[in-house]
Amino acid sequence: VDETTPTTPRFTREEQASAVWLSHTVIPVAVVVISLYAYHRIPPAGFLAPEALIWLVFTPLVPWFEWPVASFVRLLGREDQPLETDRLRQRAFPAAFTLAFVLQFVALTFLLADTGGPISSPFASFVLAYTVFSSLLTTKFWSLGVALLVPTVYFAVMVEVYGFGKASERPSLAVYLAVTLLIIWLTVGLSFLSRLSIWRLQTSMDAEADLATLRAAVATQVWSRPSVSIGRLPARAAAAEAALAEYVKEHPSLALRVVPGRGVEWVEQQRIALAQSLVRSFSARDAAELLTTALGLGDVRYVTEQPAETDQVAVGNLGPDPVLPSEILIRAVGVPPSDDLLLNTVRVARREVAGARIAILLCPDSSDWMAQPARRNAQRSLATSVVILDAQELLRLVGETVPRRALMRAVRAQADLSKTNPFVVVGPTPPPMFFGRADEEATVTALLKDNSAALLGGRRTGKTSLLQRVRRTLTDEGWIVQYLDMHAVGDWAGFADLVSLQWQIEVSREFGPALMAATVREIRKLHGSRPLVIMLDEVDQLLEWDQGHTAPMVPEAFFRSCRALSQEREAQFVLAGERVLARRLWSPDSPHWNFCRPVPVRQLSREASDQLLIRPLEHLEVGLRDPETALARAWQRTSGHPYLLQTIGVGLVDLLNDREPENRSWLDADDVARITDGGDFRDTYVGTYRGRSTPLESSICNLAAAGATTIKRLEDQLAARNAPHDIGDIREAVRMLDVFGVLRAVNDEVVFRAEWMPDALRNSSLAGTLDPRLSS
Amino acid sequence: MTTEGVQFRPNGCLSAEVRAYVERQFERDMFTHLSRHEWVSLLGPPKYGKSSSLMRVRATLMANGYSCAYVDLQRGRRTDRTYDSFLAGFAETVATELGTSFDRPRKRHRSQLESWLKAIVTDRFTNVAILIDEVSAVPEAFRLPFFSQLTALSTSKARTDMPDGELAARLVFAFAGTFLPSRLIDNANSPFNVSNELKSDDLTEAEIEKLAAIGLGGDAHHYAEQALIETNGQPFYVQDLFAAVQAAGDRPDLRASAFEARLAALRRGAGGHLVDLARVVKRNADIEKLVPRILDGSLRFQVGDEAHEYAIIAGVARNDAGFLVARNPIYARALVQFAEERFP
């Protein structure tokens, strides 16, 4: 719809060409007829030749020339050869008009010279006529000047050369009358043509005045047909095409494509046609099937509810998603929403899907229900958020290039976001919320080629999540991966029982150094000879037990046997743990010294931190205004600790949940500040980083925050507070704090990794104090 | 004056059918967390409505399609000699609550909580909530394996795409009791570390007003105000006082005197709360040491201080703008007496 602004009235090039062609068809014929009648001879060749040339040049330039050519092409059976006359015509117009303008005066010169000169000739009026015609046909302002100047000069020169002419050469009065009438008729005819442009403009202006109507017609037709052709719209073809193009451009999220010269069509025409038919006549079965197809659900199964024709339930797999559950229930019913229907849908969802946080209810019309804001609060009393889509909304969702995004917008607006909050602060992080750690993953997988690895890190830094990531990668690469969560394993008997339960392998409960090798043999019997990696998560308890063997067994006999298996390339190990594992790795007399290579798991990189906050929000169709400021704030208050970032994320989504649906599409830096400025977040920050630190470690942290930023100063400050410690203990405590990502020593200088820690401790009045456990 | 058919009930667990009850924020939070498939620890003093809340959340979850098992570890407390038999008893209760039977796991796996749960929570149970009340009643010898195995089960939620995470995807736990998580089990193996911690607080002013309006009729506002002043929203006391007013009939003078008489009885220890309070103070020397400073309001609350946190959880004190103070005026009077070694 680029023609919305009014344009000046003017001929199109095609119309100009038509007028020129018409007048230079009529004029030569009339002149020949009149000459034969008046002078009994045809006009001179000097007249006929230029006129013929004009006619020949303009014949291919008129629009209707295409029809005989196309017919000829069809006759030859060569429709596959595209006619490019339009392009050629457009390029030829300027030269053709100039040529015609010049040639008409050349022709007239010969005619006047042959019939009595510019005054006496009955054709003398053609000078006036050409001036008028040119003025009528002109489209450019400057060409009016040419139309004035050229005939003036021409007439003056002709009069000067020929004078009045002889009276005896004048034909009868009827000839003069005939020429004059011809010119009158031609003038009126061309005036009619020139008025046409004004009338056309008027029509165009009417169309522009009705542009809103046109746009509405476009929108209506787009949403009511699988395709919209230009001819169906109430406008000229160009305007209709432009309006359609405009609609497509302004709705980039819709799966529409432009078909040049014809209109637009939906990419998924069958789906759209079905969705459109559902608006007219709702079918539960079709609606459920359509949505499962549009969302690309896998492993779809249908559950029969009664009556089946008006109540259809489908359950399908959405795949990994930070917000939506991997499996989702869709229920389509032929009645409007009600409290009972929602509760019943929740019951069905919880019956069919584990952890069904969201279910979708399709119905013919939900407008009345949605008009009642109180109804939305009903979601909070339901265990599952039921997102209601009526036939119109289903149609819009199906029309999206990515229908899942449309679903997410509905979730954002309707659901109780506290139940669909993608961020996780208790328990492990689900795979779709795992961001970053590419370096650590690469290090571990590279190490395993000929070594074992130990993941070292503080609480909630994501060791288990990283382990799971590596587990999936190695499984995909063809490794045999045996994983064991050792939370509840404190000795060999516990290990053997868990192995029996989880790996289906029978091992004696009485520990012996050879049993680990036997376990590996049993694994190989079950899974074959591919490379084997054994992952032991949370090994600290088992490590403690392993240090306490008595003769005849050697200390750490369990892990010594693991080391032997690793060195013999029978199996590699990935251990994950904290303090005990770190100490064993640092101890030169431990088998771990040259068994596992430590891989620290500290804070996330800045990029991964940003992603951890942004990506889930994007999935929720929530934008971050001024993202640089907001993310910088989050980084400053977390230094990339994944748990703290998740805490901020949970808080942000809770803020959204308290807003009206229309204000749920954005968050900003102030929202981040609202969460991180409070005392609760500060306590969480300190508690998360130092949750399991020893009294000495906590005290070192407090003293460093107050300015004791070298090992020597820390030693002095501890001594000054009646808590003297060996410098070796202080160094090990600093090393442990480095593992936890709190601080690190650089050439005996202590630098905080957790950059906000000094401020947080100062604000908590802990900076410079000793941990009470240490002082007592 | 009294609303017909609504009886205040200060004693016992208030099931979902009891109308003289107001839903509290921690109850809504518990429902939300469990719906999100997150575990919950509900901590609070005895007789503060934890069990009632568990029962009501259980009813709501069941109405929402959950299968629920309520396990009160103090009820029918057994003297299990082995961990296997403790798990067997726990499993039988869960199975009974779920209305199902199960085959006992093979002997070797009977020391694994997961194997018992796998036997009970078969594929036909899609969403199961196990609500464990009085969790501190787990025998001390079995705490480490029991809680560690629960923790391992929780962390397997991250492996829902793996067979070993399948059970956890269908299970959710809530724990309730009067305990400090770190005193039950060390941090690393604590299921409370992977749970949302909620506290059963006193009733708010709005909740007291709402409760009064349910069953007291025209003078509800007056007695709501009085109850708030005298009890600071202690749920048992509020119900108890409202029950006394309700039982006195419609005459205003009788209602007023019933309120005063019952208040006096509560101050003397009726209902057993002051006995519980005395027991907590006597058994915890670190809390007993805090009492004088709680009474004069000079004790600043320290996050992470076990004694401070347990004083709150056990109902001795509350956090008032950063300072620990007596939970309510009745407790404050009692604590003064305890300080003078006059225990109930």
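- Between Arg108(B) and Asp497(A) the shortest side-chain heavy-atom distance falls below 4.5 Å.
- Considering all non-hydrogen atoms of both residues, Leu501(A) and Ser115(B) come closest at CD1-CB, 3.6 Å.
- Heavy atoms closer than 4.5 Å to chain B are found in the side chain of Arg460(A), but not in its backbone.
- The distance from the CG atom of Asp485(A) to the CG atom of Leu153(B) is 9.5 Å, given to the nearest 0.5 Å.
- Contact annotation: the side chain of Ser500(A) approaches that of His109(B) to within less than 4.5 Å [non-hydrogen atoms, C-beta and beyond].
- Looking at Ala496(A), the atoms closer than 4.5 Å to chain B (heavy atoms on both sides) sit in the backbone and in the side chain alike.
- Ala63(B) approaches Arg347(A) most closely through the heavy-atom pair O-NH1, 2.8 Å.
- Within the 4.5 Å cutoff, side-chain heavy atoms of Arg357(A) are placed close to those of Arg36(B).
- Closest non-hydrogen pair, Ala383(A) versus Phe31(B), comes out as N-CZ, 3.4 Å.
- Proximity to chain B (any heavy atom under 4.5 Å) is shown, for Thr345(A), by neither the backbone nor the side chain.
- When Met433(A), Arg509(A), Lys419(A), Glu578(A) are compared by the number of non-hydrogen pairs under 4.5 Å with chain B, Lys419(A) comes out ahead.
- Contact annotation for Ser111(B): only side-chain heavy atoms (C-beta onward) come within less than 4.5 Å of a heavy atom of chain A.
- Across Gly494(A), Ser381(A), Ser385(A), Gly687(A), the residue that shares the most heavy-atom pairs under 4.5 angstrom with chain B is Ser381(A).
- The contact between Val353(A) and chain B is made entirely by backbone atoms, counting heavy-atom distances below 4.5 Å.
- Only the backbone of Thr420(A) comes within less than 4.5 Å of a heavy atom of chain B; no side-chain atom from C-beta onward does.
- Looking only at distances, no side-chain donor or acceptor of Arg351(A) sits under 3.5 Å from a matching main-chain atom of Gly65(B).
- The shortest non-hydrogen separation linking Arg170(B) to Ala354(A) is CG-CB, 3.6 Å.
- In summary, the side chains of Arg350(A) and Asn64(B) do not present any donor paired with an acceptor at a separation below 3.5 Å, with no hydrogens or angles considered.
- Atom-to-atom distance recorded for His487(A):NE2 and Phe147(B):CZ is 14.0 Å, nearest 0.5 angstrom.
- Asp680(A) CG: 12 or fewer foreign heavy atoms inside a 6.0 Å radius.
- Counting heavy-atom neighbours within 6.0 Å of Asp658(A) CG, excluding the residue itself, gives a total above 12.
- In this structure, chain A has a heavy atom under 4.5 Å from the side chain of Arg106(B), while its backbone stays farther away.
- In this structure the side chain of Leu144(B) reaches within 4.5 angstrom of the side chain of Gln541(A), judged on heavy atoms.
- Of the two parts of Glu352(A), only the backbone, made up of N, CA, C and O, holds a non-hydrogen atom closer than 4.5 Å to a non-hydrogen atom of chain B.
- Both the backbone and the side chain of Asn421(A) come within contact range of chain B, each with at least one heavy atom under 4.5 Å from a heavy atom of that chain.
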